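What follows is a short report on a single structure.
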Amino acid sequence: MSLPVVLISEEEIQQRVAALAERISDEYGDDDELVLVGVLKGSFIFLADLARKLTIPRTIEFIAVSSYGSGSKSTGAVRLVMDVRGNIEDKHVLIVEDIVDTGHTLKYLIGMLESHRPASVKTCALVRKAERAEVDVSVDYLGFDIGDEWVVGYGLDYAEQNRTLPYIGVVKPTD
Ligand code: PRP
């Protein structure tokens, strides 16, 4: 695998996360019960930074999903591995993802979380590969649109490597 080439710098990420946090804080009220639902594993760094920059009350939950079999993402078959632990009924849910690729995972999660009867479900993702979209799913709070490249860092991995880079970089897995 090649060394990551910087695509989005640490400074750019931090500025964008701060702007997203400001928008989210403005759009949800102090009286809303906002639950951030991080999707493991990739969202853990984005969620940690975003959550600490919000200026409104918020609680944290995690959820874990996995795709059926290998290379099956484009089939849209997503399996729930770990559900939220707390009760989200009548609360405002914000799903926090590191990346939206085909969109199948996010679409599945919206439907799954809506079955818990929350007050609302919205979505937040740091990056999206718009040209890879296979399903129509809206990202209410988006960090960056990127091309169809393999990205690592800031939670994103290639074969579990490079999740803790402070920037987002491009790698060529076939090298
Ligand atoms: C990534 C990402 C999303 C999903 C998006 O997770 O965190 O959950 O893929 O892909 P999709 O839009 O095509 O459904 P991944 O399977 O890499 O697991 P990880 O977060 O544990 O690294």
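Bear in mind that the values here come from a model prediction, so they are computed numbers and not experimental data. Nothing fancy with the numbering, it's 1 onward along the sequence. For ligands, and for the atoms within them, numbers begin at 1 and follow the listed sequence.
- When every heavy atom of G143 is checked against every heavy atom of R16, the shortest pair comes out as O-NE, 2.8 Å.
- Residue-ligand proximity, D98 to ligand 1, at heavy-atom distances under 4.0 Å covers atoms 2 (C), 7 (O).
- Residue contacts with ligand 1, taken as heavy atom pairs separated by less than 4.0 Å, do not involve R132 at all.
- The atoms of ligand 1 that sit less than 4.0 Å from any heavy atom of T105 are 4 (C), 5 (C), 8 (O), 10 (O), 11 (P), 14 (O).
- Side-chain N or O atoms of D140 include one that pairs as donor or acceptor with a backbone N or O of T123 at under 3.5 Å.
- Formation of a donor-acceptor pair under 3.5 Å by the R52 side chain with backbone atoms of A48 is found in this model.
- Applying the side-chain hydrogen bond (donor to acceptor under 3.5 Å, both in side chains) definition to pairs two or more places apart or across chains, none involves residues 56-65.
- Heavy-atom contacts of D157 reach the following atoms of ligand 1: 22 (O) (cutoff under 4.0 Å).
- Between H92 and Y28, the ring-plane angle classifies as perpendicular under the 30° and 60° cut-offs.
- Without hydrogens or angle criteria, K129 side chain to T102 main chain gives no donor-acceptor distance under 3.5 Å.
- Near G42, the atoms of ligand 1 lying under 4.0 angstrom from a non-hydrogen atom of the residue are 19 (P), 20 (O).
- Within a 6.0 Å sphere centred on CG of D136, other residues, nucleotides and ligands contribute 12 heavy atoms or fewer.
- Every N/O-N/O distance between L106 and ligand 1 stays at or above 3.5 Å.
- Looking at R163 against ligand 1, only its side chain comes within 4.0 Å, counting heavy atoms.
- Environment of CD in E11: sparse, with no more than 12 heavy atoms of neighbouring residues, nucleotides or ligands closer than 6.0 Å.
- Taking all heavy atoms of I99, L109, V127 into account, the minimum distance to atom 5 (C) of ligand 1 is reached by I99.
- At a 4.0 Å cut-off, not a single heavy atom of E134 sits close enough to ligand 1 to count as contact.
- In summary, the atoms of ligand 1 found under 4.0 Å from a heavy atom of T102, numbered by their order in the structure, are 11 (P), 12 (O), 13 (O), 14 (O).
- Listed by atom number, the atoms of ligand 1 under 4.0 Å from H104 heavy atoms are 12 (O), 14 (O).
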